[in-house]
Amino acid sequence: MENTVRKAIFAGSFDPITNGHLDIIERASKLFDELQIGVLYNPNKKGLFTFEERVKLIKECTNHISNIKIVSFDGLLVNYCEKNGIQTLVRGIRNGADVEYELQMAHMNKELNPNIETVILPTTTKYSYISSSLIKEVLNFDANIENLVPKVILEELKRKTNRGK
Ligand code: PNS
């Protein structure tokens with residue numbers, strides 16, 4: 001067990017990646033040998049960004065972290081982990097509502113595959129109100145979101161929606 005490569009995955013939709021996601025990614029990458037960022041591939045769920053765009057943007061925002069690998073998955077996350085030798089799911093929590101939801105997911109994933117652990121990181125306080133959906137909502141009203149997303153995401157959001165300052 002001692003020489004096992006410690007692999008974890010931080011999975012999500014990332015439509016788009018935010019400073020909150022990046023906070024968790026940067027901190028989790030220091031805890032594991034390899035951190036995969038698992039982008040959920042779901043052709044039935046239409047986001048603002050296409051799957052390909054989301055992957056490209058995540059790459060651009062994380063290229064300063066050396067032990068990151070960006071992957072796509074569909075189906076059950078624990079099945080992807082089992083197939084790819086990943087022992088840990090990383091999740092971030094911002095508030096009490098997240099705790100409830102994340103605990104439920106952690107218990108369900110444990111039931112589905114008892115070999116895979118969930119590690120939950122509380123987000124850094126200043127990012128605790130950020131979510132991709134809230135960012136898209138306030139952008140509709142031309143809000144200034146420059147503190148909430150990386151610069152490249154800000155530019156893409158403005159370009160796609162013709163909104164924002
Ligand atoms: O961006 P999100 O909504 O936080 O991502 C949630 C995600 C994609 C990690 C979760 O819905 C998931 O793992 N989906 C894959 C299907 C699955 O394994 N479902 C069981 C979860 S208990």
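Just so you know, ligand 1 is whichever comes first in the structure, and atom 1 is the first atom listed for that ligand.
Looking only at heavy atoms of the protein, atom 8 (C) of ligand 1 is closest to Leu40 CD2, 3.9 Å. If you check which protein heavy atom lies closest to atom 3 (O) of ligand 1, you get Ser13 OG, 4.1 Å. Of the protein's heavy atoms, Arg91 NH2, 3.0 Å lies nearest to atom 4 (O) of ligand 1.
Between Glu156 and Lys160 there is no salt bridge, since no side-chain N of the basic residue sits under 4.0 Å from a carboxylate O of the acidic one. Classification of Glu146 and Lys151 as a salt-bridged pair fails, no side-chain N sitting under 4.0 Å from a carboxylate O.
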Start with the C-alpha gap between Ile93 and Thr123, add the side-chain angles, then the distance that decides, and say whether side chain to side chain contact (heavy atoms under 4.5 Å, CB included) holds. CA-CA 6 Å; Ile93 46 164; Thr123 193; over 6 Å; no

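In this structure, of Val78, Leu76, Thr118, Leu77, the residue bringing a heavy atom nearest to atom 20 (C) of ligand 1 is Leu76.
The distance from ligand 1 to the heavy atoms of Met108 drops below 4.0 Å at these ligand atoms: 22 (S). Heavy-atom proximity to Ala11, at under 4.0 Å, picks out these atoms of ligand 1: 9 (C). Within ligand 1, the atoms closer than 4.0 Å to a non-hydrogen atom of Gly12 are 1 (O), 5 (O), numbered from 1 in the order shown. Which parts of ligand 1 touch Phe73 is read off a 4.0 Å heavy-atom cut-off, strictly below it: atoms 15 (C).
Counted within 6.0 Å of CD on Glu100, heavy atoms from surrounding residues, nucleotides or ligands total 12 or fewer; the atom is thus considered open.
Side-chain polar atoms of Gln104 and Glu102 form no donor-acceptor pair below 3.5 angstrom. No hydrogens or angles considered: a donor-acceptor pair under 3.5 Å links the side chains of Glu82 and Asn113.
Less than 4.0 angstrom separates atom 13 (O) of ligand 1 from at least one non-hydrogen atom of the protein.
Ring pair Tyr80/Phe73 is tilted by interplanar angle, where 30° to 60° counts as tilted.
Between Gly75 and ligand 1 there is a heavy-atom distance shorter than 4.0 Å.
If you look at Lys45 next to ligand 1, there are no close heavy atoms at all, none under 4.0 Å.
Not a single donor-acceptor pair under 3.5 Å links the side chain of Asn67 to the backbone N or O of Leu35.
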